[in-house]
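Single-structure report; data block below.
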Number of protein chains: 2
Amino acid sequence: MPDKPAPDASRRSEKSRRAIYAAALALVAETGYPKTTIESIAARAGVGKQTIYRWWTSKADVLMEAFLDLGEQAAARQGDGQPYGIPDTGDLAADLKAVLRATVDELFDPAFEAPARALAAEGVVNEQLGRQFVAKLLQPQLELYVRRLRSAQDAGAVRPDVDPRIALEFFVSPLAQRWLQRTAPISYEYTDTLVDYALYGLAPR
Amino acid sequence: MPDKPAPDASRRSEKSRRAIYAAALALVAETGYPKTTIESIAARAGVGKQTIYRWWTSKADVLMEAFLDLGEQAAARQGDGQPYGIPDTGDLAADLKAVLRATVDELFDPAFEAPARALAAEGVVNEQLGRQFVAKLLQPQLELYVRRLRSAQDAGAVRPDVDPRIALEFFVSPLAQRWLQRTAPISYEYTDTLVDYALYGLAPR
């Protein structure tokens with residue numbers, strides 16, 4: 001973007017940017033990642049191809065930013081300004097249940113589901129894209145779990161010898177697999193149960 | 001297949017069947033599910049299209065059986081004749097660690113990885129195929145975990161109020177997500193840790 005855009009140009013840019021994001025997300029949902037091209041995004045958004053190349057270097061770039069923007073918009077709608085935030089009320093089980101319930105809602109948000117599936121599918125077979133999306137989109141969310149679990153360790157709610165990077169997978173991975181592979185239904189009751197089992201273990205106490 | 005094949009016909013059939021499985025798995029790995037066709041499988045296997053239609057109704061069918069056969073061959077190589085079996089020695093942690101270590105080996109078996117990724121990716125975006133593969137390929141494996149966890153409940157090693165269908169996801173889903181999405185490295189040490197965390201929980205005892 002130019003260093004100091006005139007106010008009108010900036011508004012025009014913002015409008016184009018939104019149109020490009022919407023076009024990219026719609027196309028990847030409808031035709032899959034391989035068939036989505038900079039050309040088809042430009043045509044759908046009603047902008048010139050050069051407009052896209054001015055701001056992004058590849059379709060992966062456009063889609064990544066479109067996705068980040070989707071998350072920011074969802075957070076803005078919730079009004080907390082904290083995309084994917086995990087509360088820290090001191091009650092670890094309650095905080096994890098709350099964030100997982102919000103994740104369930106997001107996974108079934110129609111604006112999110114189809115493009116998220118298209119990108120996740122491509123990431124499974126396309127290692128470079130997969131790693132890029134994990135680094136930019138998934139990793140920041142996992143970091144929030146690491147931080148929340150570390151805080152729980154400081155408070156004595158999680159054993160000090162537990163590796164938070166592994167432990168977070170008990171909350172994140174079962175839900176991810178049910179969603180990605182449709183192995184079983186998803187509900188709040190289910191994610192609540194994950195939290196209880198993970199914190200207190202399966203063996204008798 | 002004919003009711004009573006002559007020995008020669010049966011040998012020929014067996015050879016064709018193997019060639020078709022190998023062609024189907026190679027093609028889906030190389031070109032993805034959408035571009036794999038009955039025609040391209042037939043051409044690669046060096047058989048007529050009608051030979052395939054005699055035994056299977058669709059490419060999904062061929063691939064599913066090719067995959068089941070891959071599992072049986074892997075089990076035969078291991079010599080235990082038990083595909084995806086979970087031992088029941090009475091030591092739940094040791095049994096789960098053993099089956100997860102075997103799963104790690106399988107996930108990185110070059111014969112398995114590329115076609116498995118291609119099919120998993122397609123299942124993410126193609127609900128019908130995804131559900132078919134879960135029902136035929138994944139569900140029987142999950143059932144083994146349910147059975148092993150029920151046996152552990154009978155033996156007092158797992159709390160009686162735990163739902164084995166949910167609990168098994170602590171062993172299966174983190175590994176599945178690391179493999180599908182390449183969120184972090186996979187090792188025996190990692191899967192061993194999953195077992196310990198899941199059985200004893202994250203909270204202090």
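Proteins come first, then strands; the chains are lettered A, B, ... in the order of their sequence lines, and each starts at number 1. Since we're looking at a predicted model, the values are computed, not measured. Values below: all heavy atoms of this structure, side chains included; hydrogens, waters and symmetry mates excluded.
The shortest heavy-atom contact between Ser58(A) and Ile38(A) is C-CD1, 3.9 Å. Nearest heavy-atom pair across Lys59(A) and Tyr33(A) is NZ-O, 2.7 Å. Across all their heavy atoms, Arg159(B) and Pro204(A) have their closest contact at CG-CA, 3.6 Å.
Looking at residues two or more places apart in sequence or on another chain, you find no salt bridge (charged side-chain N to carboxylate O under 4.0 Å, His left out) involving Lys136(A).
For the atom pair CD of Glu143(A) and CD1 of Ile86(A), the computed distance is 10.5 Å after rounding to the nearest 0.5 Å. Annotation: the span from Phe67(A) atom CZ to Leu119(A) atom CG amounts to 5.0 Å, rounded to 0.5 Å. Atom-to-atom distance recorded for Met64(A):CE and Leu129(A):CG is 7.0 Å, nearest 0.5 angstrom.
Within residues 19-26 of chain B, no residue approaches chain A closer than 4.5 Å by heavy atoms. Residues of residues 169-202 of chain B lying within less than 4.5 angstrom of chain A, judged on heavy atoms, are Glu169(B), Phe170(B), Phe171(B), Val172(B), Ser173(B), Pro174(B), Ala176(B), Gln177(B), Arg178(B), Leu180(B), Gln181(B), Arg182(B), Thr183(B), Ala184(B), Tyr190(B), Thr193(B), Leu194(B), Tyr197(B), Ala198(B), Leu199(B), Tyr200(B), Gly201(B), Leu202(B) in numerical order. Using a 4.5 Å cut-off between non-hydrogen atoms, the part of residues 148-157 of chain B that approaches chain A consists of Gly156(B), Ala157(B).
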Checklist entry - For Thr103(A) and Leu107(A), what are the C-alpha separation, side-chain angles and deciding distance, and is it a side chain to side chain contact (heavy atoms under 4.5 Å, CB included)? => result CA-CA 6 Å; Thr103(A) 306; Leu107(A) 289 174; 4.3 Å; yes

Next on the checklist: Under the criterion side chain to side chain contact (heavy atoms under 4.5 Å, CB included), I'd like the reasoning laid out for Leu96(B) against Tyr145(B): C-alpha separation, chi angles, the key distance, then a yes or no.
Outcome noted: CA-CA 9 Å; Leu96(B) 290 169; Tyr145(B) 281 88; 3.9 Å; yes

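Side-chain atoms of Gln141(A) come within 3.5 Å of backbone N or O of Leu137(A) as a donor-acceptor pair. Proximity of a side-chain donor or acceptor of Lys35(A) to a complementary backbone N or O of Glu30(A) within less than 3.5 Å is not detected. Looking only at distances, no side-chain donor or acceptor of Ser40(A) sits under 3.5 Å from a matching main-chain atom of Thr36(A).
Ion pairing of Arg18(B) with Asp69(B) is present here, as a side-chain N (NZ or NE/NH1/NH2) and a carboxylate O approach within less than 4.0 Å.
Counting heavy-atom pairs closer than 4.5 Å to chain B, the top-ranked of the candidates Arg131(A), Arg165(A), Glu127(A) is Glu127(A). For the options Val162(A), Leu92(A), Val125(A), Asp161(A), heavy-atom pairs under 4.5 Å to chain B are most numerous at Val162(A).
In this structure the side chain of Phe133(A) never reaches within 4.5 angstrom of the side chain of Leu138(A), judged on heavy atoms.
The contact between Val134(A) and chain B is made entirely by side chain atoms (from C-beta outward), counting heavy-atom distances below 4.5 Å.
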